[in-house]
Amino acid sequence: MLTSYRFPFPTPSGKWRLTTGLALLGLSFAATAQVTPTTPVYPLPAPAAADSSVIDRQEFATPSVVGMGPSKGLVFHYERVPRFNVASTGKVVGLKDFSSEATKNARFNVKGYIPMVNHPHLKLILGINYEREEFAFRDSPTGYELYDNIEDKGLKTLGAQLAVIRPVNTVNWYIFRVKGELSGDYTSSELSVKDYLRVSSEFLYGWKRSPTFSWGLGVQLGYTFGRFSPYPALLYNRTFNSRWGVEALFPARVTVRYNVAPNSLLFAGYSVDGLNYITKLRTPLQRNLENGMSDPGKTALRTLELRETEVKFRLRWEREIYDFLWFGAEGGYRYNYAFDAFDRTNADREKIIDSKLAGAPYASLELFIVPPRKFLKKTAGRK
């Protein structure tokens, strides 16, 4: 599962810049515009070398660029999708089809990021997260084992990650991230690390061409596109001028940024989100042969792997409320590519249920804590 993050840390010049497991990386066009110094952007560019306040020391490369929004230290996020149709088709003998209407699909998550090591040549960031996804259906109970399970218990994720940001020199940098999550419909009494653990990772190597341009290449290993698999990533960060920029991780995310003011930013683009849950059935599902008899070569299904993949086309606004406190408001359209269940009981990992969730609009609200401006000015004063 691909998730986006922003991490704060002071650079050797004393200025805070954004680092990330992913979200500091972006895709842009091959334009060569420069930031206009008369129009403020966040964060402000570093002073010119002629400035007598600059200490003569090496500036290490980072994947961030001038103009990005503030780093997020603690994030509270709530998302809601209104009514949409659900249709499921049994892919093995003995499983029936099902159709209904979901009256609710809501997600709540809390994320926090803690700098563990903060040297000019090495940054270690510890991240923790808790997420809960809930469904409600028009007819409850539905009589369909999968949906009754996730409606009663919800789908939860509890995770931790470690990101290593390594500026190599004035041009090159790399990022390594490993993340472990317990994902599924477990309750506290049912939680088993062995059954619910999901691990993802990525490695990215990049080049910092200027304060407004950084790009890189890498490989990711995770669940962004449903099943656990490796895939390449093209990373590009670019600020074109004092207003416009692009932040993206292709092909998973592309976002155009517009800096309205130092404390107000607009974003537009798309993202691909992959979620992977383990669900345990209360009543085992028996796989049958064509003649209706139980299949002696298959054990009755007790555990399913639920793979959810969706594409969001989104508009987002981030705005400072007061100093260290910001809010984000987002809305758009969600297209569900897959919501399929696979056999986790037998070794063949066969698809058991093929589901289609109708596309629907969505909206989300977010509160997040960032480094206080007074602190940023203080660190800038120690250049």
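All values reported here derive from a predicted model rather than from experimental measurement.
- The line from CG of Leu266 to OG1 of Thr255 is 12.5 Å long, rounded to the nearest 0.5 Å.
- Checked against a 6.0 Å centroid threshold, the rings of Tyr174 and Phe203 count as neighbours.
- Aromatic ring centres of Tyr205 and Trp207: separated by under 6.0 Å.
- A cation-pi arrangement, defined by a distance under 6.0 Å to the six-membered ring centre and an angle within 45 degrees of its axis, is absent between Lys312 and Tyr333.
- Ring geometry for His121 versus His119: interplanar angle under 30°, hence parallel rather than tilted (30 to 60°).
- By the side chain to side chain contact (heavy atoms under 4.5 Å, CB included) test, Ala136 pairs with Thr103, Lys104, Glu151, sequence neighbours left out.
- Contact check for Pro232 versus Phe250: no side-chain heavy atoms found under the 4.5 Å cut-off.
- Applying the side-chain hydrogen bond (donor to acceptor under 3.5 Å, both in side chains) test between Lys280 and each of Thr303, Thr345, Asp195 identifies Asp195 as the sole match.
- The pair Arg80-Glu133 fails the salt-bridge criterion, with no side-chain N (NZ, NE, NH1 or NH2) lying under 4.0 Å from an Asp/Glu carboxylate O.
- Using a 4.5 Å heavy-atom cutoff, the side chains of Leu306 and Phe339 are in contact.
- Counting heavy atoms from C-beta on, the side chains of Val86 and Glu101 never come closer than 4.5 Å.
- A side-chain N or O of Tyr231 and one of Thr224 form a donor-acceptor pair less than 3.5 Å apart.
- Under the 4.5 Å side-chain heavy-atom criterion for grouping Ile, Leu, Val, Met, Phe, Trp and Tyr, Ile369 is connected to Tyr78 within one hydrophobic cluster.
- Side-chain contact between Asp185 and Asp152 is absent, with no heavy atoms from C-beta onward closer than 4.5 Å.
- The side-chain tip of Arg238 points at the ring of Phe213 from less than 6.0 angstrom away and within 45° of straight on.
- No side-chain donor from either of Asn259 and Arg243 sits under 3.5 Å from a side-chain acceptor of the other.
- Taking the six-membered ring for Trp, Tyr335 and Tyr270 have ring centres at least 6.0 Å apart.
- In this structure, the side chain to side chain contact (heavy atoms under 4.5 Å, CB included) partners of Leu217, at least two apart in sequence or on a different chain, are Trp215, Leu234.
- Inspection of the Asn105 and Glu134 side chains reveals no N or O donor paired with an N or O acceptor under 3.5 Å.
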